Amino acid sequence: MLYIGVDLGTSAVKLLLMDGEGKILNVVSKEYPLYFPKPGWSEQKPEDWYEQTFAGLKELLADADKSQVAGISFGGQMHGLVILDKEDQVIRPALLWNDGRTQEESDYLNEVIGKETLSGYTANISFAGFTASKILWVKNKEPENFAKIEKIMLPKDFLAYKLTGVHCTDVSDASGMLLFDVKNRCWSKEMCEICDVKPSQLAAVYESYEKVGVLLPEIADELGLPHSVVVAAGAGDNAAAAVGTGTVGDNMCNISLGTSGTIFISSHKFGVDKFNALHSFAHADGHYHLMGCMLSAASCNKWWMDDILKTKDYAAEQAAIEKLGDNHVYFLPYLMGERSPHNNPDARGTFIGMTMDTTREDMTQAVLEGVAFALRDSLEVAKSLGINLERTKICGGGAKSPLWKKIIANVLNLKVDVIESEEGPGLGGAMLAAVACGEYASVEEIAGKLVKVVDTIEPDPALVAKYEARYAQFKEIYPACKPLYDIIAK
């Protein structure tokens, strides 16, 4: 049988067709606009997501045996706020995960309701990007829109609704809303009351690998698919990427170098760090995970290359970089503010350490190293919880760079396993669909059978020592700059 994975990203939707043995038969990508109405704001039109997804499905299946398609599922950008009226029409453009407008509401949740209270209800504290603060922003700043809300949805779940007519979500994506009781895998009544959300406005919650419905007959007919095609709940992009990289089960790790960057640690046990610097979420495998999320990762390199250096030849820019561990330039990768572990939407990208002999290569290297150092910040929090890792998988667009993988292996002092397919959330979505259709008994079973490691980057002890010294300097820069960020934000 055939399975479709839909990766709803920030810049494009990527669709993948996989057979039951894990072979990827086709991949299609469709872009859509990203809007920045004001500095720090980030929006998209849900209608664009669906339009491009539907067009992508037609293209994906053009040469396939459509009668063999059994299931569809998703990996999707998290935290976005999609609101529908009583006619199931989109009320306003979606506020995205990297939207920083809700600091006032986030501060209210953390400081008035209280971080300890939030953590007790949801296992997490408020971040400006989380959905709950966005709901409060709409209530405070757009009361006319708030009054129209009939359904509150997450980005990928809007696609599931359009395909099935079912208002649904999954445990991993719901975990990032700050409305979800992660430990007990259900909506938090207390948080709903705090955010003035009615239970009827929230979707039914499923495990990521569970069937939520089948394609609407008119959708199936237009695509030429059987009416029996199963739609599974899917997962937030990081949990779906973790499935696609085999980061399921206990004490496994994956690093994602996408628009945002994450370090994702799966666990059979529920756990919360006392400072809530890491997110504690439900995982797509039926268990839990801890995650550190930085808002700008591969997007830092894209910004540096495309907008500053005005080049698309990333490989050529990295080819001349040779002095790993010896660069005197540092870069703080906070182009959209920062989430883990600083929780500061006012943080900004910062270069420091330049001299008259600083080169173009030094600056490029600093960008790559800055992202790695920021990932290390979250790894240090995990270590403080007694989590000891020896290796990690890696995925995302940034993972295509051999140099960047080498830097990460040595900055974090972890073996970096490269898998055969780096399709991440799209592959994870297809795998979840296969489980929902019964081809595999569990997420751990399909990951164990389909995910194959093809290369490992080993840390170099001498380079690890150099980066240890440089990280000690890096971690002093943010505290020194934070007062300046506060001034700039005023």
Side-chain angles (χ1 to χ4, degrees), residues 124 127 238-239 241-242 245-258 260-267 269 271-281 283 288-298 300 324-325 330-334 338-344 347 366-396 398-399 401 404-418 456-461 463-479:
N124 295 279
F127 291 78
N238 292 296
T245 60
T247 310
V248 298
D250 202 33
N251 209 42
M252 301 287 283
C253 183
N254 179 57
I255 288 171
S256 176
L257 288 178
S260 62
T262 59
I263 181 165
F264 183 111
I265 302 168
S266 62
S267 175
K269 297 179 182 178
V272 181
D273 82 86
K274 62 180 179 180
F275 299 110
N276 292 106
L278 301 181
H279 306 325
S280 178
F281 289 168
H283 192 7
Y288 299 94
H289 70 86
L290 291 171
M291 182 174 70
C293 178
M294 54 188 297
L295 295 181
S296 303
C300 290
L324 296 186
Y330 292 89
F331 174 68
L332 274 60
Y334 311 140
E338 189 55 299
R339 190 180 293 175
S340 304
H342 303 308
N343 191 16
N344 184 1
V367 171
L368 304 180
E369 290 174 336
V371 172
F373 287 138
L375 288 167
R376 168 87 183 259
D377 281 341
S378 288
L379 179 62
E380 290 301 309
V381 177
K383 288 180 179 177
S384 73
L385 297 175
I387 295 171
N388 295 305
L389 302 170
E390 293 184 0
R391 61 199 320 126
T392 181
K393 307 280 180 52
I394 194 165
C395 68
S401 165
W404 214 348
K405 286 184 286 195
K406 183 177 180 180
I407 289 171
I408 286 171
N410 286 283
V411 167
L412 277 63
N413 193 19
L414 293 175
K415 296 175 182 177
V416 174
D417 291 327
V418 179
T456 298
I457 295 92
E458 301 266 357
D460 176 343
L463 192 50
V464 167
K466 285 185 176 183
Y467 273 128
E468 192 68 31
R470 292 206 59 230
Y471 175 68
Q473 295 177 338
F474 173 88
K475 67 182 181 181
E476 298 297 325
I477 301 172
Y478 171 79

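Every value quoted in this text rests on a predicted model; they were computed, and no experiment measured them. All values below were derived from every heavy atom in this structure, side-chain atoms included, with hydrogens, water molecules and symmetry-related copies excluded.
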Steps toward side-chain contact (heavy atoms from CB on, under 4.5 Å) verdict (I407, Y467) | CA-CA 9 Å; I407 289 171; Y467 273 128; 3.9 Å; yes
OG1/T247 to NE2/H283 distance, rounded to the nearest 0.5 angstrom?
-> 7.0 Å
Residue pair N276, V272: steps toward the side-chain contact (heavy atoms from CB on, under 4.5 Å) verdict = CA-CA 7 Å; N276 292 106; V272 181; 3.4 Å; yes
Quick one: sort the H289 and F264 rings into parallel, tilted or perpendicular, breaks at 30° and 60°.
-> parallel
In Å, rounded to the nearest 0.5 Å, how long is the span from OG1 of T392 to CD1 of I265?
-> 8.5 Å
Find the distance between OG (S260) and CZ (R339) and round it off to the nearest 0.5 Å.
-> 7.5 Å
Do NZ/NE/NH1/NH2 and the carboxylate oxygens of D417 and K393 come within less than 4.0 Å?
-> no
Examine distances only and state if a side-chain atom of N124 and a backbone atom of H279 form a donor-acceptor pair shorter than 3.5 Å.
-> no
Ion pair R470/E369, N-O distance below 4.0 Å = yes
Checking E338 side chain against L295 main chain: does a donor-acceptor pair fall under 3.5 Å?
-> yes
Test side-chain contact (heavy atoms from CB on, under 4.5 Å) applied to L257 and T262, step by step | CA-CA 7 Å; L257 288 178; T262 59; over 6 Å; no
Does R376 reach the main-chain N or O of V411 with its side chain, forming a donor-acceptor pair under 3.5 Å?
-> yes
For A399, does its backbone N or O pair with a side-chain atom of W404 as donor and acceptor, under 3.5 Å?
-> no
Note, K383 side chain near L379 side chain (heavy atom, < 4.5 Å) | yes
Inter-residue atom distance S378.OG - M294.CE, 0.5 Å rounding | 8.5 Å
For the pair S340 (side chain) and L278 (backbone), establish whether a donor and an acceptor sit closer than 3.5 Å, ignoring hydrogens and angles.
-> no
Rounded distance [0.5 Å steps], CZ in F373 versus CD in E380 | 12.0 Å
Donor-acceptor contact below 3.5 Å, side chain S401 vs main chain G398 = no
Polar side-chain atom of N413 near backbone of A409 as donor-acceptor pair, under 3.5 Å = no
Compare all side-chain heavy atoms of I408 with those of L368 and state whether any distance is below 4.5 angstrom.
-> no
Side chain to side chain, K415 and I457, heavy atoms closer than 4.5 Å = no
H342 side chain vs A277 backbone, donor-acceptor pair below 3.5 Å | no
Any chance you could measure I255, atom CD1, to I394, atom CD1, to the nearest 0.5 Å?
-> 5.5 Å
Can you tell if the side chain of S267 reaches within under 4.5 Å of the side chain of L290, non-hydrogen atoms only?
-> no
Flag for Y478-D377: side-chain donor and acceptor within less than 3.5 Å | no
Side-chain heavy atoms of V418 within contact of T456, under 4.5 Å = no
Residues, nucleotides or ligands: over 12 heavy atoms within 6.0 Å of K406 NZ = no
Worked verdict on V248 versus S266 for side-chain contact (heavy atoms from CB on, under 4.5 Å) = CA-CA 6 Å; V248 298; S266 62; 5.6 Å; no
